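Let me begin by presenting the structure, written as structure tokens, before commenting on it.
Please read all numbers here as calculations on a predicted model, not as lab measurements.
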Amino acid sequence: MGETRKRGRKPKAPASTTETMDFQYTSASNATQTDYVAAQNDVFSAANDSVATAAAAAKNDANNPPPARRGRGRPRKSEAGHMEDTEPHAAASPERRPYQNGAVVLEPPPQPGAKWESVAARVVPAMDAVVKVFCVHTEPNYSLPWQRKRQYSSSSSGFIIGGKRVLTNAHSVEHYTQVKLKKRGSDTKYLATVLAIGTECDIAMLTVSDDEFWEGVSPVEFGDLPALQDAVTVVGYPIGGDTISVTSGVVSRIEILSYVHGSTELLGLQIDAAINSGNSGGPAFNDKGNCVGIAFQSLKHEDAENIGYVIPTPVIMHFIQDYEKNGAYTGFPILGVEWQKMENPDLRLAMGMKSDQKGVRIRRIEPTAPESHLLKPSDVILSFDGVKVANDGTVPFRHGERIGFSYLVSQKYTGDTALVKVLRDSKILEFDIKLATHKRLIPAHTSAKPPSYYIIAGFVFTAVTVPYLRSEYGKDYEFDAPVKLLDKHLHAMAESTDEQLVVISQVLVADINIGYEDIVNTQVLAFNGKPVKNLKSLANMVDNCNDEYLRFDLEYQQIVVLHAKAAKAATLDILTTHCISSAMSDDLKT
């Protein structure tokens, strides 16, 4: 039997513990929207109840009075997608004070001549620099890498900064085909050019070639990192209407956050102002009207309300200065080590630490990291650039606050050096280490490049990436993907900068591959006795093979053997049958 539902009461929505990015979809294709939701780790499109305003209430004139009471039955669903009460909202009286933590607060009317002071009122001049971003996306089809998915549209927010540039979120323009901007109060959309996309920090920089766009608008000024309980105002174009929206709150927490889109950890602000779909890329202002961050994600959970996250100014300025310094976005460097806390006193004694020494123990070092030939496992990191590291891996941040020492690393730029002091065999050593970006065996992003593939005899070979796993197994790929792939995703390290995890994605059935049809997402270890380093090396070995047979060694001790000439001859027919233009992606041809 179906679930019994009480009259007039909606069932409780299931809880979600995933930090989700806010994004507003405008596409008419529900299937495409669902695909992108899965691709963005629970990107939500939330509906919010509208706040009563005097303009809305003006419709209830003498010829159309509001009903005296609410009718029975469920609320009527509006075209905007949110649940709307069947009783029109009453007109806003002088006692109503909007935009206080997202609610309407009733207060006594002010004295004649008195004015209400609020953060929203003080940031009004800067609100003219907030723009609406319209983007058409065409996402690659990672499961069928020779084609792309159906295009879809989205809208989000952005704001104008100095140098005729606009900032928004990276996920707002990911896989973009066309980007347009519209200013507040304008009816014109201007074509924009994407200058840089910072995937890790979820920031993108745009510009507009039409000089008319920049007329009459002052760029936003950046402020310092706010303190706890400082007032903030988030401005943008969220779902629920077409005009600009303002929500206010306070800074609740400052710490190293997990950036959902970037799959990395950087400094972030937690605020209690409402951040809804479409707020992505909108600025967060302090009470002086200066920008202190960019809204980019929020937490949806049944036990939490109004938890939003903002990219703070140190991360924003790092992105801007990186672009200005290098002419492109180069990323945030990492130290390239995995470390262990040293909170246990016996562990500290065993590592030869004195009572006044603190630090963290190195567990593993990335083989591709520049410091791999300097640092060693079981070294104890005592300090980074002169700042002492505590036994729990934190460093002093501000008065009464501590933060993970990865914050110090993220303040550096790619190619910078840092002085690292370590304890090895009870001796203190110092190293000048060059910092570099992270090389993952299974990349979290493809940097807007189409996926690579190679086809021989119907066997589709590809390199594993996080977008590929998400395409194959959905947003819960961390639970549904094969255990061996997940183990490599979470724990394996690349031995070289060009190493890839190559798998047989699927088998396009033909007479040549009878008996192999069930091979899916299985790693290729070797070809004709030679290890497979990456997809390009595999393609070259197969194309240049003069042996009678092609032998692929797979994991789980599986092997695939094909007659070489027959396999190459059958490939053309298989490509024609499946309307595939080429047996390999363009990047493998060079």
Side-chain angles (χ1 to χ4, degrees), residues 39 139-147 175 199-200 262-264 331 334 336 364-370 372 436-457 459-473 477-478 481-507 519-545 550-556 558-560 580 582-590:
E139 185 180 358
N141 190 333
Y142 292 93
S143 296
L144 302 174
W146 50 86
Q147 64 185 29
H175 305 304
T199 303
E200 292 90 346
S263 298
T264 186
I334 64 165
R364 294 196 300 170
I365 304 173
E366 294 272 3
T368 58
S372 59
T437 54
H438 192 190
K439 164 58 183 171
R440 289 189 172 114
L441 179 62
I442 297 181
H445 293 272
T446 57
S447 302
K449 298 177 181 178
S452 303
Y453 71 91
Y454 176 70
I455 301 175
I456 182 73
F459 289 83
V460 181
F461 298 89
T462 189
V464 179
T465 62
V466 171
Y468 173 77
L469 293 176
R470 194 180 289 121
S471 175
E472 288 286 291
Y473 302 101
Y477 68 91
E478 292 184 333
V483 173
K484 284 202 172 185
L485 289 182
L486 289 178
D487 178 66
K488 292 179 174 65
H489 167 52
L490 297 173
H491 304 294
M493 293 181 174
E495 296 294 331
S496 61
T497 55
D498 59 349
E499 183 179 358
Q500 293 177 320
L501 185 66
V502 179
V503 297
I504 295 177
S505 173
Q506 60 177 310
V507 178
I519 299 178
V520 177
N521 290 329
T522 305
Q523 184 182 359
V524 182
L525 303 177
F527 171 73
N528 283 2
K530 298 180 180 178
V532 174
K533 185 177 183 180
N534 51 49
L535 188 58
K536 188 171 185 176
S537 69
L538 174 63
N540 290 334
M541 286 191 293
V542 174
D543 288 344
N544 299 321
C545 178
L550 309 177
R551 171 175 171 148
F552 301 91
D553 292 287
L554 314 180
E555 61 182 350
Y556 307 112
Q558 282 183 291
I559 62 171
V560 170
I580 303 173
S582 177
M584 65 175 68
S585 53
D586 292 339
D587 61 314
L588 300 183
K589 298 177 182 178
T590 56

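Residues Q558 and I519 form a side-chain contact, since some pair of their non-hydrogen atoms from C-beta on lies under 4.5 Å apart. A 4.5 Å side-chain heavy-atom check between L485 and L501 finds at least one atom pair inside the cut-off. Between V524 and L554, the closest side-chain pair of non-hydrogen atoms falls below 4.5 Å. You'll find the side chain of S582 reaches within 4.5 Å of the side chain of K589, heavy atoms only. Looking at heavy atoms from C-beta onward, V532 lies out of side-chain contact with Q500 at the 4.5 angstrom threshold. A 4.5 Å side-chain heavy-atom check between V466 and Y477 finds at least one atom pair inside the cut-off.
For the atom pair S585 OG and F461 CZ, the distance stands at 13.5 Å (nearest 0.5 Å). Remark: M493 CE to R364 CZ distance equals 3.5 Å, nearest 0.5 Å. From I456, atom CD1 reaches atom CD1 of I504 across 12.0 Å, with rounding to the nearest 0.5 Å. In this structure, I455 CD1 and S505 OG are separated by 9.5 Å, a value rounded to the nearest 0.5 Å. In this structure, T264 OG1 and R440 CZ are separated by 6.5 Å, a value rounded to the nearest 0.5 Å. Distance check, rounded to the nearest 0.5 Å: NE2 of H438 to CD1 of I334 gives 4.0 Å.
Listed by chain and residue number, nothing satisfies the side chain to side chain donor-acceptor pair (under 3.5 Å) test with T437 (two or more places apart in sequence, or in another chain). Partners of Y454 under the ring pair (Phe, Tyr, Trp, His ring centres under 6.0 Å) rule, at least two apart in sequence or in another chain, do not exist in this structure. E472 meets the side chain to side chain donor-acceptor pair (under 3.5 Å) test with S143, N521; sequence neighbours excluded. T446 is linked by a side chain to side chain donor-acceptor pair (under 3.5 Å) to Y142, counting only residues two or more places apart in sequence or in another chain.
Remark: side-chain polar atoms of N540 are paired, donor with acceptor, to backbone N or O of K536 under 3.5 angstrom. A donor-acceptor contact shorter than 3.5 Å is absent between the side chain of S471 and the backbone of L469.
A salt bridge does not link D487 to K484: none of the charged nitrogens lies less than 4.0 Å from a carboxylate oxygen.
Legend: ring-ring contact (aromatic ring centres under 6.0 Å, His included) pairs involving residues 521-544, not counting sequence neighbours, sorted by first then second residue: F527-F552. Listed by first and then second residue, the salt bridge (charged side-chain N to carboxylate O under 4.0 Å, His left out) pairs involving residues 490-501 are D498-K533 (not counting sequence neighbours).
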